[in-house]
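Remarks on the structure that follows.
It should be emphasised that the depicted structure is a prediction, and the values quoted were computed from it without experimental measurement. Lettering of chains follows the sequences in order, A, B, ..., and the numbering in each one begins at 1.
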Amino acid sequence: MRYTVPTPTSVDELLQRANRLTGQSFAQLAKIANLHMPNDLKKDKGWVGMMLEQHLGASAGSKPLQDFPDLGVELKTLPVDEQGQPLETTFVCVAPLLNTSGLNWLNSNVRNKLSCVLWLPIDGRRAVPLAKRVVGQPFLWRPTNEQEQALQSDWEEHMDRIALGEVESITARQGEFLQIRPKAADGSALTEAVGPNGQMIQVRPRGFYLKKTFTRAILEQVFNAV
DNA sequence: CCGTGATCATAC
DNA sequence: GTATGATCACGG
């Protein structure tokens, strides 16, 4: 039997539910959800995120939508170290490589996903057994105008390259806060893109990721507000 | 294969 | 030490 929670009908309800997870260990939460507790995340990289989705009643599925479409809220776990600093970049969504002419920042998937995020900091310390790690203090975040402009600038730079057939020349070093990196099941995954001479080429699918400097600033803004 | 959830692990 | 490029699992 699968553990299901009804999808929250308000942001307040979602926040209350998220707050109740604070301090709970992954072992406790796995038991409640009737989930197998892996020893590590080597072969279960998305385990924590999916478990927490279940606890919060996120709509299942892999649609390119927010986790709580009716509330306009996206859920993101953020693994942090002992000092509360992000341990990983944050995946946002797949990067469109084809038919990009009608796309702009305002209708982009990146903006939609990041317009309102329920961040769930989690203990990401590898030295701590997975079962003993705990959920941190969740918080709801909307980008400031400044943050959104920075993201838009990066997004436009990346999309220009893609539109010009330069996807293969994009590296993760580009973009101040938003980077593009491969995103695939393995090296055999291929998708179509525009090549340097406007022809179709096959490339590894790409995804948008937030660099750690960006999520670190969000954490500081929220927890170290002076 | 695509998009969801991400972390792994090696090159730097 | 850490970021980049690679990879893992799953539902559809």
Side-chain angles (χ1 to χ4, degrees), chain A residues 2-4 7 21 26 29-30 33-69 73-83 85-99 108-110 112-114 117-130 133 135-136 154 158 167-193 200-216:
Chain A
R2 219 179 87 112
Y3 176 71
T4 55
T7 193
L21 302 179
F26 296 170
L29 295 172
N34 289 316
L35 284 177
H36 170 67
M37 178 77 234
N39 289 323
D40 55 51
L41 298 176
K42 284 191 172 79
K43 293 203 177 288
D44 297 271
K45 300 183 181 185
W47 183 83
V48 178
M50 294 172 75
M51 175 183 73
L52 294 175
E53 278 188 350
Q54 285 195 33
H55 276 278
L56 294 175
S59 14
S62 56
K63 296 179 282 281
L65 294 170
Q66 291 156 315
D67 293 296
F68 300 94
V73 176
E74 171 74 9
L75 180 67
K76 287 284 176 208
T77 60
L78 185 59
V80 296
D81 64 15
E82 40 283 313
Q83 304 177 57
Q85 309 239 355
L87 279 163
E88 300 285 349
T89 57
T90 302
F91 173 70
V92 180
C93 61
V94 165
L97 303 182
L98 233 39
N99 305 320
S108 71
N109 208 347
V110 172
N112 179 246
K113 289 270 180 124
L114 297 182
V117 179
L118 176 59
W119 292 100
L120 233 39
I122 57 170
D123 189 348
R125 293 174 295 173
R126 309 279 217 281
V128 177
L130 191 61
R133 298 187 204 167
V135 179
D154 285 345
H158 292 313
V167 61
E168 289 185 304
S169 72
I170 297 177
T171 89
R173 295 167 192 81
Q174 292 158 352
E176 187 179 3
F177 300 119
L178 189 69
Q179 62 182 182
I180 284 191
R181 307 215 308 276
K183 165 69 171 172
D186 56 53
S188 70
L190 290 174
T191 192
E192 288 192 317
M200 289 298 190
I201 57 173
Q202 298 285 119
V203 298
R204 170 72 69 37
R206 304 300 214 274
F208 286 109
Y209 296 79
L210 293 176
K211 292 187 176 181
K212 286 194 278 188
T213 50
F214 190 82
T215 47
R216 180 151 54 233

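- One finds no side-chain N or O of A/Arg126 lying less than 4.0 angstrom from the OP1 or OP2 phosphate oxygen of B/dT7.
- As judged by a 4.0 angstrom heavy-atom cut-off over every strand, A/Glu192 is placed among residues making no nucleic acid contact.
- Put simply, A/Gln179 has no side-chain N or O that comes within less than 4.0 Å of OP1 or OP2 on C/dA3.
- Residues passing the salt bridge (Lys or Arg N to Asp or Glu O under 4.0 Å) test with A/Arg125 are A/Asp123, sequence neighbours excluded.
- OP1 or OP2 of B/dG5 has not a single side-chain nitrogen or oxygen of A/Thr77 nearer than 4.0 Å.
- Here the side chain of A/Asp154 pairs a donor or acceptor atom with the backbone of A/Phe177 at under 3.5 angstrom.
- Not one side-chain nitrogen or oxygen of A/Arg181 sits closer than 4.0 Å to the OP1 or OP2 atom of C/dA3.
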Might you list the N or O atoms of the protein lying below 3.5 Å from N or O atoms in nucleotides 7-9 of chain C, with each pair's distance?
unit_1, atom_1, unit_2, atom_2, d
C/dT7, OP2, A/Gly187, N, 3.4
C/dT7, O2, A/Lys45, NZ, 2.9
C/dT7, O4, A/Ala184, N, 3.3
C/dT7, O4, A/Ala184, O, 3.4

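- Protein atom CG of A/Leu87 is 15 Å distant from nucleotide atom C1' of B/dA9, rounded to whole Å.
- Following rounding to the nearest Å, A/Lys212 (NZ) and B/dA6 (P) show an atom-to-atom distance of 16 Å.
- Atoms CG (A/Leu75) and C1' (B/dG3) sit 16 Å apart, rounded to a whole Å.
- In this structure a side-chain-to-backbone donor-acceptor pair under 3.5 Å is missing from A/His55 to A/Leu21.
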